[in-house]
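What follows is a short report on a single structure.
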Amino acid sequence: MTQKEIIFSDLFEDAYGSPAELANILDLGLEMLFYVEEGAFSQREIQQVVTALRDINGVLRGKS
């Protein structure tokens, strides 16, 4: 593991306790994106966020 990976891992372990708990929070965030008010962000911006969250969620759930 690189130093950045260790810091990233420690940060989320301290804040969320486990990868599964962080994955649950990310699932909630993905669901919230369905309720963003029209015009607040471009569709492309939202899609970029969703893609990043899905990628992180996949890693946390061991699906990468």
Side-chain angles (χ1 to χ4, degrees):
M1 256 186 165
T2 68
Q3 183 65 22
K4 285 183 180 183
E5 290 171 328
I6 292 169
I7 292 169
F8 180 82
S9 177
D10 289 346
L11 171 71
F12 287 107
E13 189 173 311
D14 289 346
Y16 299 101
S18 72
E21 182 61 26
L22 177 56
N24 290 337
I25 298 290
L26 292 173
D27 280 340
L28 180 60
L30 288 167
E31 190 67 28
M32 287 177 177
L33 288 171
F34 283 102
Y35 302 101
V36 172
E37 289 184 30
E38 189 173 332
F41 302 98
S42 72
Q43 182 174 354
R44 183 67 188 136
E45 288 171 323
I46 293 171
Q47 289 170 340
Q48 289 172 329
V49 170
V50 169
T51 298
L53 291 173
R54 280 187 181 154
D55 290 345
I56 293 168
N57 216 8
V59 170
L60 292 171
R61 294 188 188 282
K63 296 179 183 175
S64 64

* 4.5 Å side-chain heavy-atom contact, Leu53 and Val50 -> no
* Out of curiosity, Arg54 CZ to Asp27 CG, how far, rounded to the nearest 0.5 Å? -> 10.5 Å
* For the side chain of Glu45 and the backbone of Ser42, is there at least one donor-acceptor N/O pair under 3.5 Å apart? -> yes
* Structure fact -> Rounding to 0.5 Å, atoms CD1 (Ile46) and OG1 (Thr51) come to a distance of 11.5 Å
